[in-house]
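Here is the structure we will look at.
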Amino acid sequence: KQQKKKTKYTNNKSIFITGVTGMLGKVLVEKMLRTTPQIRVIYVLVRPSNGKNAQERVEEELYKSRIWERLLETPTTQGGFNGNKKALDTFLRQKIVAVDGDLLKGILPPDSDSPDPPPAIFGLSPQWQDRLAREGVDIVFHNAATVNFDEQIDMAIRLNVLAPLKMMELAKQWRCRAYVHVSTAYVVSHHKTKYFSPERLDVSPKGLNPDKLIAKVLELSKRVANKTKEKKKIILDRAATTLNGAFPNTYTLTKHIAELKVVEQNKRLQLPMCIVRPSIIGASLREPVPGWIDTLSAAAAAFTAGSLG
């Protein structure tokens, strides 16, 4: 019954996903296309990098991933492709559409000193802006983030706080029917509990003002912009030591602030929204196949380091 409801809900729907080149993003796309193949289209926002545009990166990092092996080997009577790689490739190209974009573009507050107009959110081209606004998007998964625990604080604020807020604005423009903000279980890492952390939309630790912290970090980042990379890092890391407060690192701090700001902004936007809090991510238990992994971050990094001594 649950599978039928899920399939019915996603039939002929359009999906927009960020962070699709990461492990969690790949698992999400594979699961959706394997279990709800009647989805009309999945738009994936991908940043051009190393001379490759979004489509070329999707070709290299998604289509060629081993994550599709289960779907490839599943009999056609069960919705798979029975080993037919050409048919699978055609299916993926029909369903997945790459969108060139960069989460760092068009997310900062307008600069009154600049004569130039502000860039489009995520640097989306006029063609993509028009298409998505005209066609609309039914479901948005904002999955992208920097998961580096000790990311430079200005970069963590941009990617983990400002980008999600702009994603929500776009979702509203696209008449989104369901919005999923991917957070982390460690947004409550400042709680000193022995066995568990409370599962709730939390309040900040005493003395933490999200808006003032964001403004302070952006102002500091602006002041040190012309310094060398090394000097800039020293100044920002020193500031983070103080600004992290009760949080162990910039990752948990900025993901905590993001939840607070996302909930606050949604009082105005009124998106049908849910927040998902994964814990540390490791190899798969069952799907797409037991033990599947394609990254050495998070739990895999710890296990690998321990194995190598």
Side-chain angles (χ1 to χ4, degrees), residues 18-19 21-22 45 47-50 101-114 116 118-119 121-123 142-169 181-191 202-262 264-265 280-281 295-298 301-302 305:
T18 64
T21 57
L45 185 75
R47 176 177 56 88
S49 178
N50 296 324
D102 187 337
L103 292 176
L104 291 173
K105 292 184 178 179
I107 63 172
L108 295 176
D111 186 351
S112 57
D113 297 329
S114 175
D116 301 321
I121 296 176
F122 302 156
H142 184 64
N143 172 56
T146 172
V147 295
N148 180 356
F149 283 0
D150 296 307
E151 182 68 78
Q152 198 165 282
I153 193 166
D154 59 335
M155 183 64 72
I157 286 288
R158 285 174 167 86
L159 287 173
N160 292 351
V161 181
L162 302 184
L165 297 177
K166 289 298 183 181
M167 186 71 259
M168 291 176 69
E169 290 180 19
H181 172 77
V182 179
S183 183
T184 172
Y186 304 108
V187 292
V188 291
S189 61
H190 57 291
H191 284 291
D202 210 16
V203 295
S204 295
K206 185 177 180 180
L208 174 60
N209 183 308
D211 292 322
K212 288 184 179 179
L213 187 146
I214 293 169
K216 186 172 184 177
V217 169
L218 294 181
E219 177 58 30
L220 179 59
S221 179
K222 192 174 181 180
R223 289 208 313 266
V224 302
N226 293 326
K227 296 186 179 295
T228 65
K229 184 177 179 181
E230 292 75 16
K231 186 66 174 176
K232 180 179 178 181
K233 176 173 172 53
I234 291 171
I235 294 172
L236 288 167
D237 286 351
R238 187 182 300 140
T241 301
T242 301
L243 294 173
N244 282 344
F247 292 90
N249 49 54
T250 57
Y251 172 70
T252 53
L253 170 69
T254 54
K255 294 296 276 187
H256 172 86
I257 291 175
E259 275 200 13
L260 298 177
K261 295 299 295 179
V262 160
E264 176 186 294
Q265 178 163 278
I280 192 166
I281 294 175
T295 179
L296 284 179
S297 63

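None of these values were measured; they are calculated from a predicted model. Excluded from the calculations below are hydrogen atoms, water molecules and symmetry mates; all remaining heavy atoms, backbone and side chain alike, are included. Sequential numbering from 1 along the given sequence is applied to the chain's residues.
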Considering all heavy atoms of both residues, which atom of Val187 and which atom of Phe247 are nearest to each other, and what is their separation? O-CE2, 3.6 Å
Val161 to Thr254 - nearest heavy-atom pair and separation: CG2-O, 3.3 Å
Would you say that more than 12 heavy atoms from the other residues, nucleotides or ligands in this model lie under 6.0 Å from the CG of Asp116, or not? yes
Measuring from atom CG of Leu108 to atom NZ of Lys166, what distance do you get when rounded to the nearest 0.5 angstrom? 9.0 Å
Using 30° and 60° as the class boundaries, would you call the ring planes of His190 and His256 parallel, tilted or perpendicular? perpendicular
Please report the interatomic distance CG(Leu253) to CD1(Ile153), rounded to the nearest 0.5 Å. 5.5 Å
Does any non-hydrogen side-chain atom of Asn226 lie less than 4.5 Å from one of Val224? no
Between Met168 and Val262, is there a side-chain heavy-atom distance shorter than 4.5 Å? yes
Minimum heavy-atom separation for Pro210 and Leu260, please, with both atom names. CG-CD1, 3.9 Å
Identify the residue among Glu264, Glu259, Gln265 that makes a side-chain contact (heavy atoms from CB on, under 4.5 Å) with Lys261. Glu264
Is Tyr186 close to Ile280 at the side-chain level, that is, under 4.5 Å between some pair of heavy atoms? yes
Verify whether one side chain among Glu151 and Thr146 offers a donor that lies under 3.5 Å from an acceptor in the other. yes
Of all heavy-atom pairs linking Phe122 and Ala163, the shortest is CZ-O, 3.5 Å
If you measure from CG on Asn209 to CG on Leu213, what distance do you get to the nearest 0.5 Å? 8.5 Å
Which heavy-atom pair separates Asn143 from Gly19 by the least distance, and what is that distance? ND2-O, 3.1 Å
Which atoms form the tightest heavy-atom contact between Lys255 and Ala145, and what is the distance? NZ-CB, 3.8 Å
So, taking the atom named CG in Leu218 and the one named CG in Leu162, what distance separates them when rounded to the nearest 0.5 Å? 6.0 Å
Are side-chain heavy atoms of Gln152 and Thr250 found at a separation under 4.5 Å? no
Quick check for you: to the nearest 0.5 Å, what is the distance between Arg158 atom CZ and Asp154 atom CG? 5.0 Å
Steps toward side-chain contact (heavy atoms from CB on, under 4.5 Å) verdict (Arg47, Leu103): CA-CA 8 Å; Arg47 176 177 56 88; Leu103 292 176; over 6 Å; no
Please lay out, stage by stage, how Asn160 and Ile257 fare under the test side-chain contact (heavy atoms from CB on, under 4.5 Å). CA-CA 9 Å; Asn160 292 351; Ile257 291 175; over 6 Å; no
Any donor-acceptor N/O pair, Ser189 side chain to Thr252 backbone, under 3.5 Å: no
Considering only NZ, NE, NH1 and NH2 on the basic side and carboxylate oxygens on the acidic side, decide whether Glu219 and Lys216 come within less than 4.0 Å. no
Indicate every side-chain donor-acceptor pair of residues 229-241 with a distance under 3.5 Å to a residue at least two apart or in another chain.
unit_1: Lys233; atom_1: NZ; unit_2: Asp237; atom_2: OD2; d: 2.7
unit_1: Thr241; atom_1: OG1; unit_2: Asp237; atom_2: O; d: 3.0

